[in-house]
Each structure stands twice: as structure tokens, then as C-alpha cells.
S.K.: 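My structure is below; once you've seen it, I'll send some questions.
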Amino acid sequence: MEKKKVALPLVCHGHSRPVVDLFYSPITPDGYFLISASKDSTPMLRNGETGDWIGTFEGHKGAVWSSCLDTNALRAASASADFSAKLWDALTGDELHSFEHKHIVRACAFSEDTHHLLTGGVEKILRIFDLNRLDAAPREVDNSPGSVRTVAWLHSDQTILSSCSDTSGVRLWDLRSGKIVQTLETKSPVTSAEVSQDGRYITTADGSTVKFWDSNHFELVKSYDMPCNVESASLEPKHGNKFIAGGEDMWVHVFDFHTGKELGCNKGHHGPIHCVRFAPGGESYASGSEDGTIRIWLTSPVSREESVAVPGNAPNPKVKAVADEVTRKIKSSLHIGTA
């Protein structure tokens, strides 16, 4: 009898409230890392391969809606309902600076060259902070048609994109002019916008639709209807041949990029899924949920007879062996607050 293939996730506990955003660092000499944002006000840093907890960034006084790492995974940033975005030392956990805003900050993103931090939120203003001059006033782009939900950089930091919580579409802004140069039209507000690792595609989720756009010509490449309302989608970064989506039905769906055919469905969360992201090498992907957990799924399911589900923060032994040494080196230099 053929062995049944099932997805067995690593289950990462630690957050006490819903997980609303996930971000993977690029692959660094020390591996890659995963940072999570939660309504419990404490972003958490993990080993991206094993899910092992590394540390918690403590200092926000409200829900954290977005978090990210710079290209080298040396600094982290977070956007919060406490009217601030914070910059952190990702090695020590120390707060480096707090950028004050006048309302809830929903999104943040490091520029590719790591010199700038982009933020957006309920004020309808996009702000660009110079990380080499932390006390300098930010550059402001203040013509967003609605409360900013997502932000991202593309075209070697020459263009930024944003979507709104209460307005459909994605706006592309030319930083030289500060003007909107293109709007990607959608029927519903875009809750997730991701620039692919190779810079070729923009992946958006709006309502029950996942769309892929050419990031250079801004043309719609593919559009697929989903089985439910989805809040987040992510394209596999290495081959670009599949994508994942998650939303209100609590399942992580895997689809063929070229045909839209559903290839798999991972069940395990106990609440709606707010965010899904592929690891930078494409070998796994993570999902964050209303249930307060993060689950890391292997792209290729393992055989039921060969493995068992991994509870708590305990990683799959096969995966853990590879990354233990990296985690040990990192933890030896960390002084990040306890979970």
C-alpha cells in the first residue's frame, strides 16, 4: 500500500493573541529568520528553518500590525497601534529608535539598501525615514486615498507600492516625483501585497481573488478565484511554480501558479489565517492565525509512517539537526526579552 502523504507542520507557540503578519529575512551567512507581528504587542524573532524561538522585542504598548527585518537580518522594525514604528537591534533586542506618528501605524518595510524605513497607516500618509539620520524629519507622501494597509519597495527602491484598508487597488508611487504612476485595479481592498524574490511579480490578495501582476509593466498576468475570502497569498520564490493562500476557512491552500489548480490543503489552525509567506529558499512556508500560533509547513509533505506531528516549539528532528548550530551561535550573542 502506498504511504499517504500528509503535511505535518512545526507549531510555534508564544504569542498570546492573533498573529497578523509574518516576514522572512533573505538567506544570510547565519541562515534565515522569521519575525512575527501580533496583537499581543510583542514581535517575536525565530529561526526561519526550525521555528525555534530566539527572542521577543519588548516596548510597544499596543497591537503590532506589521514587522520586518532588513536585508542582513541585523535590524528589525515594527508598526503598532500605539502610534509608533520602532527600529530594533535584531542581535540584542535593544530598541534603537521610536518613530512617532499621529495615529495607528499598519505597515512598515525596509528599503533594499537598508538605509530607509517606509511606514503607512490610518493617517493616509506614507513616510520614509532615513536610518542614517534617525532624528531627521521623514519624507512624506500624503496623497493616499485611504488608510494604508500594506507597503513595499520595488525597482531598486525607486518605486513604492501601497494598498488601503478601505479602498480597492494598489498604488505605485514614483519616489522621484512623489506621484502615483499606476494603479493596479481590484474589486476589493488589497489585504496582502508581496513583491516576488526575483522582482518579477507582485502578488495581491483581495476578497476571494489572488492576482499576479508584472512588476515592470504593471499588467495583470494571472487572476484566480479562491474557495473562500483570503487575506494573504505568497508566491514560491525559487521556481515560481506554485503559490499559497490563506483566509477565513482556516486552511492553507497550495495552488499551481500556471493553472490555478489546487495542489494541496493544509488543515490545523483553529482560527482564520491572517498571513502566509514562503521561506526564501521555497522549501517551507509559514502561516499565522487568529489562534495565536505560527505553523511552518514543508513544501513537500512527509510520509505519515516516517514522522509524527511536532508539538509546541519543538522542531522536526530532521530539520532541526541542520540548523541547531546556527541557532546556538545566534543565541550566544542575544539578550532579548523572554517570551
Side-chain angles (χ1 to χ4, degrees), residues 12-25 33-48 51-111 114-123 125-138 147-151 274-275 277 286 288 292-294 313 327 330-339:
C12 306
H13 297 280
H15 285 298
S16 60
R17 300 214 42 216
V19 178
V20 292
D21 189 38
L22 294 169
F23 183 92
Y24 277 104
S25 76
F33 303 91
L34 175 66
I35 190 170
S36 53
S38 168
K39 291 183 181 180
D40 65 9
S41 80
T42 53
M44 287 188 179
L45 184 67
R46 298 179 184 275
N47 180 300
D52 282 351
W53 175 84
I54 293 174
T56 298
F57 299 99
E58 298 176 336
H60 278 298
K61 294 179 173 60
V64 174
W65 288 106
S66 175
S67 57
C68 57
L69 294 161
D70 70 12
T71 305
N72 304 308
L74 297 177
R75 292 177 298 182
S78 51
S80 173
D82 66 7
F83 296 14
S84 77
K86 291 185 183 294
L87 179 69
W88 311 86
D89 186 316
L91 296 180
T92 66
D94 294 335
E95 180 181 316
L96 299 176
H97 196 77
S98 184
F99 300 103
E100 300 307 314
H101 294 62
K102 295 178 182 177
H103 214 306
I104 293 168
V105 191
R106 284 297 304 262
C108 60
F110 283 103
S111 60
T114 74
H115 295 319
H116 296 89
L117 181 69
L118 169 66
T119 68
V122 176
E123 287 182 83
I125 298 172
L126 297 169
R127 288 185 172 90
I128 301 170
F129 295 92
D130 186 339
L131 300 183
N132 296 316
R133 298 186 302 141
L134 295 177
D135 293 322
S147 173
V148 178
R149 173 70 180 264
T150 67
V151 295
H274 296 307
C275 44
R277 285 293 177 261
T293 68
I294 300 164
N313 277 350
T327 304
I330 296 165
K331 284 186 175 179
S332 67
S333 65
L334 284 173
H335 305 286
I336 300 179
T338 56

S.K.: Do the side chains of Trp65 and Lys39 get nearer than 4.5 Å, heavy atoms only?
M.R.: yes
S.K.: Does Asn47 offer a backbone N or O that forms a donor-acceptor pair with the side chain of Asp52 under 3.5 Å?
M.R.: no
S.K.: Would you name the heavy atoms of Ala63 and Ser80 that are closest together and state the gap between them?
M.R.: O-OG, 2.9 Å
S.K.: Output every pair passing salt bridge (charged side-chain N to carboxylate O under 4.0 Å, His left out) with a member in residues 96-110, not counting sequence neighbours, ordered by first then second residue.
M.R.: none
S.K.: Between Val19 and Cys275, which heavy-atom pair has the shortest distance, and what is it?
M.R.: O-SG, 4.0 Å
S.K.: Between atom OG1 of Thr56 and atom NE2 of His15, what is the distance when rounded to the nearest 0.5 Å?
M.R.: 7.5 Å
S.K.: For Ala286, check side chain to side chain contact (heavy atoms under 4.5 Å, CB included) against everything at least two apart and list the hits.
M.R.: Leu22, Tyr24, Leu34, Ile294, Ile296
S.K.: Considering residues at least two apart in sequence or located in another chain, which fulfil the side chain to side chain contact (heavy atoms under 4.5 Å, CB included) criterion with Ser147?
M.R.: Val122, Ser165, Asp166
S.K.: Grab the two heavy atoms, one from Pro18 and one from Ser38, that are nearest each other, plus how far apart they are.
M.R.: O-OG, 3.0 Å
S.K.: Between atom CZ of Arg46 and atom CZ of Phe33, what is the distance when rounded to the nearest 0.5 Å?
M.R.: 13.5 Å
S.K.: Taking side-chain hydrogen bond (donor to acceptor under 3.5 Å, both in side chains) as the definition, give me every residue that meets it alongside His116, ordered by chain and number, with sequence neighbours left out.
M.R.: none
S.K.: How long is the gap from CG on Leu87 to CG on Asp94, to the nearest 0.5 Å?
M.R.: 11.0 Å
S.K.: Can you list every salt bridge (charged side-chain N to carboxylate O under 4.0 Å, His left out) pair that touches residues 78-88, not counting sequence neighbours?
M.R.: Lys86-Glu95
S.K.: If the condition is side-chain hydrogen bond (donor to acceptor under 3.5 Å, both in side chains), which residues does Asp70 pass it with, not counting sequence neighbours?
M.R.: Arg75
S.K.: Considering residues at least two apart in sequence or located in another chain, which fulfil the side chain to side chain contact (heavy atoms under 4.5 Å, CB included) criterion with Ala37?
M.R.: Val20, Asp21, Val64, Ser67
S.K.: With Ser41, which residues qualify under side-chain hydrogen bond (donor to acceptor under 3.5 Å, both in side chains), at least two apart?
M.R.: none
S.K.: Taking side-chain hydrogen bond (donor to acceptor under 3.5 Å, both in side chains) as the test, write out the residues that go with Thr119, two or more places apart.
M.R.: His101
S.K.: Please enumerate all residues that pass salt bridge (charged side-chain N to carboxylate O under 4.0 Å, His left out) together with Arg277, with sequence neighbours excluded.
M.R.: Glu194
S.K.: Sequence neighbours left out, cut at 3.5 Å: what donor-acceptor pairs do the side chains of residues 129-138 make with other protein atoms?
M.R.:
| from | atom 1 | to | atom 2 | distance (Å) |
| --- | --- | --- | --- | --- |
| Asp130 | OD1 | Asn132 | N | 2.9 |
| Asp130 | OD2 | Arg133 | NE | 3.3 |

S.K.: How long is the gap from CG on Leu117 to SG on Cys68, to the nearest 0.5 Å?
M.R.: 6.0 Å
S.K.: Rounded to the nearest 0.5 Å, what separation is found between the OG atom of Ser84 and the NE2 atom of His97?
M.R.: 10.5 Å
S.K.: Which residues pass the side chain to side chain contact (heavy atoms under 4.5 Å, CB included) test with Ala76, not counting sequence neighbours?
M.R.: Ile35, Phe57, Leu69, Trp88
